[in-house]
Amino acid sequence: MVALHQPRVAWEAARVLVGATRDGDLFDWLSVQVGDLLGPTCQESLERTRDQLRHDPDGTRASVETGLWRARLEDVLRARPGLAGELQSLATLTAGLQKERAGHRPSMLS
């Protein structure tokens, strides 16, 4: 069994969640996955983050949102440590999809 460092999982997931706000289709899929894994409150918070970042043309708010999500996810993982593996898997899958979509290759979302 591999031990997961929860702060690292939270940081990586936060970066991926905030990064996905720039891709509408990917974000729509991810938002549902976050809701299924972490609950509707987290899904709603993620959607609010996306809405805030739509009004941030120079991208300065994204780093703040990433930090806020890191803290939020660390809190979730402290309360529910068993979710670390699933959250890490979701972040890894999403990061792969982001790279794939940036390269304009066919997506697994289609």
Side-chain angles (χ1 to χ4, degrees):
M1 181 173 180
V2 175
L4 295 175
H5 184 59
Q6 292 176 354
R8 182 68 167 165
V9 170
W11 172 245
E12 292 298 326
R15 287 181 42 232
V16 169
L17 292 176
V18 172
T21 62
R22 295 183 293 263
D23 182 327
D25 292 335
L26 180 60
F27 181 83
D28 290 343
W29 171 82
L30 179 59
S31 176
V32 171
Q33 302 306 309
V34 167
D36 289 348
L37 182 61
L38 304 176
T41 302
C42 279
Q43 182 176 359
E44 291 165 7
S45 293
L46 185 58
E47 290 169 358
R48 280 193 302 276
T49 294
R50 178 206 45 209
D51 295 343
Q52 289 179 2
L53 293 178
R54 283 182 176 160
H55 305 290
D56 183 36
D58 59 0
T60 56
R61 178 78 188 161
S63 62
V64 172
E65 289 297 323
T66 300
L68 293 171
W69 271 99
R70 180 201 51 81
R72 180 179 291 128
L73 293 173
E74 281 188 23
D75 289 346
V76 167
L77 292 178
R78 271 196 277 297
R80 299 169 60 195
L83 293 179
E86 291 179 71
L87 183 59
Q88 181 181 45
S89 294
L90 179 59
T92 300
L93 176 60
T94 304
L97 290 170
Q98 286 173 319
K99 288 178 186 175
E100 180 181 297
R101 292 170 69 84
H104 306 291
R105 286 177 263 152
S107 172
M108 293 174 13
L109 295 178
S110 302

Scan residues 35-50 for pairs that pass salt bridge (Lys or Arg N to Asp or Glu O under 4.0 Å), counting only residues two or more places apart or in two chains. Asp28-Arg50
Under 4.5 Å between side-chain heavy atoms, chaining through other members, with only Ile, Leu, Val, Met, Phe, Trp and Tyr counted: pull out the rest of the cluster around Val64, sorted by chain and number. Leu68
Let me check something: any side-chain donor-acceptor pairs from residues 7-17 under 3.5 Å, sequence neighbours excluded? List them with distances.
from	atom 1	to	atom 2	distance (Å)
Arg8	NH1	Glu12	OE2	3.4
Arg8	NH2	Glu12	OE2	3.4
Glu12	OE1	Arg15	NH1	2.8
Glu12	OE2	Arg15	NH1	3.2

I want to check something: taking the side chain as every heavy atom from C-beta on, are Val32 and Gln43 in contact at a cut-off of under 4.5 Å? yes
In chain order, what residues pass the side chain to side chain donor-acceptor pair (under 3.5 Å) check against Arg72, with sequence neighbours excluded? none
Between Thr94 and Ala20, the two heavy atoms sitting closest are CG2-CB, 4.4 Å
For residues 75-91, which side-chain N or O atoms pair as donor and acceptor with protein atoms under 3.5 Å away, sequence neighbours left out?
from	atom 1	to	atom 2	distance (Å)
Asp75	OD1	Arg78	NH2	2.9
Ser89	OG	Gly85	O	3.0

Let me confirm one number: the CG-CG distance from Asp51 to Asp56, rounded to the nearest 0.5 Å. 13.0 Å
Interatomic spacing from CZ in Phe27 to CG in Leu53 - rounded to 0.5 Å: 9.0 Å
Glu65: what forms a side chain to side chain donor-acceptor pair (under 3.5 Å) with it, not counting sequence neighbours? Thr49, Arg61
Would you compute the distance between atom CG of Leu30 and atom CG of Asp25 and round it to the nearest 0.5 angstrom? 12.5 Å
